[in-house]
Amino acid sequence: MYNTILTLLLVVSVLIIIAVLMQPSKQQDALSALSGGTQEISGKQKARGFEAFMQKVTIVLGTLFFALSLILAYVSSH
């Protein structure tokens, strides 16, 4: 059981890395945050299409990672 959960945790970890790397970059947001430029306060738009899908995938994988980590800690202590 321990080895199965550990394997699942490793697979989810790799999938999280891939999901984060596939998300579109937000260079303009990062650039304005570093330079202190204020273009428009209400300029944020809701994510659509591929970006929204990747955000949901990342949230699901992160939750799964957290749950598997807790289960693995519980199994390894008993």
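If you're wondering where the values come from, they're calculated on a predicted model, not measured in any experiment. Values below: every heavy atom of this structure, side chains too, minus hydrogens, waters and symmetry copies.
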Checklist entry - From Ile71 CD1 over to Leu6 CG, what is the distance, rounded to the nearest 0.5 angstrom? => result 13.0 Å
Checklist entry - How many angstroms lie between atom CG of Leu15 and atom CG of Leu10, to the nearest 0.5 angstrom? => result 11.0 Å
Checklist entry - For Phe50, does the CZ atom have more than 12 heavy-atom neighbours from other residues, nucleotides or ligands under 6.0 Å away? => result yes
Checklist entry - Rounded to the nearest 0.5 Å, how far does CG of Leu9 lie from CZ of Phe66? => result 12.0 Å
Checklist entry - Does Tyr2 have any ring pair (Phe, Tyr, Trp, His ring centres under 6.0 Å) partners at least two apart in sequence or in another chain, and if so, which? => result none
Item to check | Nearest-0.5 Å distance that lies between atom CG in Leu64 and atom CD1 in Ile16 | outcome: 8.0 Å
Item to check | Residue list, side chain to side chain donor-acceptor pair (under 3.5 Å) with Gln23, at least two apart or on another chain | outcome: Thr58
Next on the checklist: Quick check: is Ile18 connected to Phe53 through a chain of hydrophobic side chains (ILVMFWY, heavy atoms under 4.5 Å apart)?
Outcome noted: yes
Checklist entry - Going hydrophobic residue to hydrophobic residue with side-chain gaps under 4.5 angstrom, can you get from Leu61 over to Val11? => result yes
Checklist entry - For the residue pair Val12 and Leu68, what are the closest heavy atoms and their distance? => result CG2-CD1, 3.9 Å
Item to check | Shared hydrophobic cluster for Val14 and Val20 (ILVMFWY, side-chain gaps under 4.5 Å) | outcome: yes
Next on the checklist: With rounding to the nearest 0.5 angstrom, report the CE to CG distance, Met1 to Leu72.
Outcome noted: 10.0 Å
